[in-house]
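Numbered from 1 within each chain, the chains take letters A, B, ... in sequence-line order.
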Amino acid sequence: MEIKFIPIEYDYFDWQGRNYARIIGRDDNGKRVLVIDSFEPFLYAILKPNLTEKQIEKLKEKIEKIEIKSSSRTTKIEKIKVEEKNFLSKRVKALKIYITNYKDAHQVADKLDLPEIQARRGYDLSFHTKYIIERALVPLSWYKIDGEILNNSEEFGGIDSAYDVDICIKAENIEKIEKNIDFKPKIIAFDIETEEFDIGKGEILMISLAGENFKKVLTWKKCSESPDFVECFKDEEEMLEAFIENVKKLEPDILVGYFSDGFDLPYLRARAEKHKIKLNIGLDNSQPVFARGRVPKGSVSGIVHIDIFRFIETVYSQYLQSETLGLNEVATELLGEGKKEFEFKHSSKIKQHEWPEFFQYNLQDSILTYKLAEKFWPDMQEFCKILQEPLFEITRDSMSQHVENYLIHNLEKYNEIVEKRPIHDEIGERMAREKYEGAFVFQPKPGLHENLAMFDFTSMYGSVIVTYNLSKATLTEDKKDSYEVQLQKQKAHFSKKPGFFPLMLKEIIEKRKQLKQKYKTDPSPINKARSNAYKLLANASYGYLGFFGARYYCVEAAAAAAALSRKSIHETIDMINKEGYEVIYSDTDSIAFLMKNNSKKQTLEFLKSINSKLPGIMELELEDFYKRGIWVSKRASESGAKKKYALIDEKGKMKIRGFETVRRDWCTLARELQSKVLELILKEGNERAALELVKKTIKELKERKVTREQIMIRTQLKKPISEYKSITPHVIAAQKMRELGLPVNIGMLIEYFIAETRESKKLVREKVKLPDEKGEYNLKYYLEHQIIPAVENILEVFQINIKEISDGSRQKKLFS
DNA sequence: GTACACTACATACC
DNA sequence: ACTGGTATGTAGTGTAC
């Protein structure tokens with residue numbers, strides 16, 4: 001029997017002491033398929049050089065005797081092959097040691113601590129990673145699977161009847177289908193509303209579900225006269241059972257939630273436990289399982305549970321404007337649609353007519369979550385294909401893990417044996433290391449400029465790593481045929497023979513470039529997602545080199561990448577200045593300069609000539625031309641502030657960096673005022689109008705016409721309240737919230753304002769009030785600590801001293 | 001009692 | 001613990017005088 005199959009979810013099981021991969025997916029008719037497959041698990045023992053044939057034979061004999069016994073199985077050495085491999089780009093002889101059960105690989109490795117063996121590798125990859133590499137069954141790609149159909153079979157203890165699938169097949173032959181078959185997974189989003197915030201503490205009031213042409217709210221609360229999507233149940237227990245039933249009936253490939261790893265799924269599990277019922281939504285009737293982690297990872301057997309918040313957080317948050325990653329803000333930005341309004345209160349206080357509103361609210365959360373999952377589907381799909389890891393992993397892995405997965409799944413092309421994960425002590429040492437010197441930032445002069453241009457290097461660090469062949473494997477003591485880099489104390493050398501890490505990165509950068517071009521002519525979501533995935537990988541590769549948890553960690557390479565980038569940007573700055581321009585700012589990989597008497601055409605020609613001289617794959621591009629730009633001084637001194645500037649292009653679009661306008665921990669009043677001031681100055685060159693606006697705002701502030709919303713300050717709580725050594729205003733606000741029984745969680749944005757106080761309280765934190773507290777805003781604070789600081793340095797560029805104007809001799813004239 | 005240096009903390013840039 | 005370093009700026013804290 002042969003079927004067409006797309007793998008979605010991976011797991012494995014043991015049968016008679018051996019491992020079997022168990023993959024859930026669909027066939028080309030949309031039938032749910034369970035594939036059972038196996039491979040011969042193995043690990044490598046890298047031999048010390050110059051062992052004789054005889055010594056190797058003796059060693060093999062010794063190894064063959066290894067046995068790992070446990071209550072359920074015995075792992076033996078199945079066979080041993082001698083192979084010529086590469087390890088960190090060096091030619092090595094290695095024993096490929098096949099074992100009965102991969103779970104015992106670690107223990108086998110422990111027993112291989114022998115004098116003839118230089119290193120043991122390839123035993124610390126997860127089962128599914130090893131399986132995907134060996135059988136080349138990449139997630140979300142199509143395959144032809146030849147095999148035996150199991151139907152009420154005794155094989156594997158009757159596994160086919162244990163799983164709720166349409167087809168169960170034991171794979172014999174797997175072949176990739178190159179032609180793309182359209183595939184759309186069945187996605188169901190879910191969301192719960194509860195009485196309490198702590199997991200399992202209160203009752204679940206309702207559960208919503210949403211999919212394509214599907215919406216439902218399950219509840220046991222007041223639901224007479226409710227919309228037709230509401231289904232009522234006797235109690236919480238019955239509602240939970242209905243949830244299970246719905247999931248089973250809907251047969252989703254994907255169950256998606258928003259922060260559901262940390263809230264919805266564990267909550268459901270906890271309440272089910274409380275009622276002593278099984279939340280058996282798995283295809284094998286198993287309950288969700290939670291893997292340890294900073295946030296637990298909730299998995300459902302046979303269905304991919306995705307917490308779309310996690311994927312958005314690690315992969316896309318850097319591109320979002322949203323100041324928090326809450327569902328409302330993220331959905332509003334990405335979908336143009338937010339959450340429904342509903343004022344939370346204890347269910348006993350919700351009036352009869354308010355319940356339908358609450359149901360709508362609950363449903364809307366699932367609808368938004370569903371739409372987000374749909375929107376990010378191309379991205380998730382491309383991540384799976386490029387990184388060759390399952391959906392569950394790619395939606396939860398960190399950027400460093402993504403980089404590493406790309407490396408691991410592409411090592412075979414280089415005949416490389418995988419490096420091991422650092423052990424505890426190594427991680428400690430790496431974390432304790434000194435920082436190396438990073439990027440160069442140009443010291444700007446405060447001032448307003450006209451006619452500017454900005455160049456920047458494309459994927460600068462990545463290009464440098466490729467151009468100078470920087471990596472752990474290419475780091476060498478050999479000074480011949482190598483690139484020499486001066487680091488802080490010593491010199492480092494990197495072989496000129498291309499290593500696998502720079503070669504893979506080169507491919508990533510090239511693919512990104514091609515896809516970016518392709519996207520211009522064919523702007524499909526798939527092309528965008530693919531292009532973006534490569535861009536993210538290219539950007540994260542440099543950081544990976546210096547990350548303590550990396551298998552291919554190499555500070556020398558990271559430090560060299562930074563050093564060579566500094567060299568490159570300095571040389572480019574010099575070239576630009578020599579050509580008759582004036583460089584006024586630069587940060588890491590970008591250079592802003594004044595056009596002087598040069599035309600745009602000349603500038604583009606000049607750019608071409610720079611590019612012809614740049615080494616390797618280094619490439620400089622035009623970021624844009626700008627009509628005006630402003631740099632300001634630091635608060636504490638006369639010198640120009642780095643990482644803080646505002647530009648306006650010829651279409652009138654502003655680019656604001658570093659200013660309070662873009663900082664979420666400043667109040668809206670100050671941020672909006674500053675933004676308008678910058679706009680008046682950049683758009684119209686009218687600093688007088690800007691000054692008038694500032695005066696007007698100060699006047700309104702003094703007349704207490706400013707709304708509460710405008711003066712709220714938001715600061716993130718980054719750790720538990722008790723761990724703060726320094727009790728800052730937001731910590732006080734968080735304390736107040738906790739006393740009121742409001743939820744206070746790590747990562748939350750704490751909102752407060754600074755109020756007038758009767759006594760002469762000195763510290764800011766003594767004047768902190770929560771949004772709902774009574775009180776007037778503290779005039780002095782908002783004037784001196786918000787408004788004035790936000791505009792002071794900008795107006796100073798025009799020799800306007802707003803502080804003097806505000807409280808100086810003209811005070812009367814101004815505020816009378 | 002206050003000025004000042006230093007530390008803790010949050011957030012941004014690239 | 002879950003990519004790197006560079007930088008600004010506020011508020012609290014400790015100490016000298």
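Near DNA chain B, defined here as any heavy-atom distance below 4.0 Å, the residues from residues 718-729 of chain A are A/K718, A/K719, A/Y724, A/K725, A/S726, listed numerically. Within residues 534-553 of chain A, no residue has any heavy atom closer than 4.0 Å to DNA chain B.
The side chain of A/R635 places no N or O atom within less than 4.0 Å of a non-bridging phosphate oxygen (OP1 or OP2) of C/dA11. Close to C/dA11, at under 4.0 Å from its OP1 or OP2, lies a side-chain N or O of A/Y781. Of the side-chain N and O atoms in A/R663, none sit less than 4.0 angstrom from OP1 or OP2 of C/dG9. In this structure, A/K634 reaches the C/dT8 phosphate: one of its side-chain N or O atoms is under 4.0 Å from OP1 or OP2. The side chain of A/K644 contributes an N or O atom lying less than 4.0 Å from OP1 or OP2 of C/dG9.
At least one side-chain heavy atom of A/M454 sits less than 4.5 Å from a side-chain heavy atom of A/Y626. Under the 4.5 Å side-chain criterion, counting only non-hydrogen atoms from C-beta, A/W631 is in contact with A/H449. Within the 4.5 Å cutoff, side-chain heavy atoms of A/K643 are placed close to those of A/Y585.
Between chain A and DNA chain B, the heavy-atom contact criterion of under 4.0 Å yields a 5' to 3' nucleotide range of B/dA8 to B/dC14.
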Legend entry - Worked verdict on A/S633 versus A/E796 for side-chain hydrogen bond (donor to acceptor under 3.5 Å, both in side chains): CA-CA 8 Å; A/S633 67; A/E796 195 190 60; 2.9 Å; yes

Inset, instruction - Check the pair A/Q674 / A/T661 against side-chain hydrogen bond (donor to acceptor under 3.5 Å, both in side chains), numbers first and verdict last. - result: CA-CA 6 Å; A/Q674 184 187 61; A/T661 299; 2.6 Å; yes

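A/R292 comes within 4.0 angstrom of nothing in the nucleic acid, heavy atoms only. Residue contacts shown for A/A558 are absent, as no nucleic acid heavy atom lies under 4.0 Å away. Residue A/H785 is classed as a sugar-phosphate contact, given heavy-atom separations below 4.0 Å to backbone atoms only. Backbone-only engagement by A/Y436 is indicated by non-hydrogen atom pairs under 4.0 Å involving sugar-phosphate atoms exclusively. Counting any heavy atom pair closer than 4.0 Å across all strands shown, A/Y645 reaches sugar-phosphate atoms only and no base atom.
Annotation: the span from A/I727 atom CD1 to A/Q735 atom CD amounts to 6.0 Å, rounded to 0.5 Å. Taking CZ from A/R421 and CD from A/E426, the interatomic distance works out to 12.0 Å, rounded to the nearest 0.5 Å.
Between the A/E333 side chain and the A/Q321 main chain, a donor and an acceptor come within less than 3.5 Å of each other. Side-chain atoms of A/D261 do not come within 3.5 Å of backbone N or O of A/K297 as any donor-acceptor pair.
Below 30°, between 30° and 60°, or above 60°: for A/Y534 and A/Y406 the angle between ring planes is above 60°, a perpendicular geometry.
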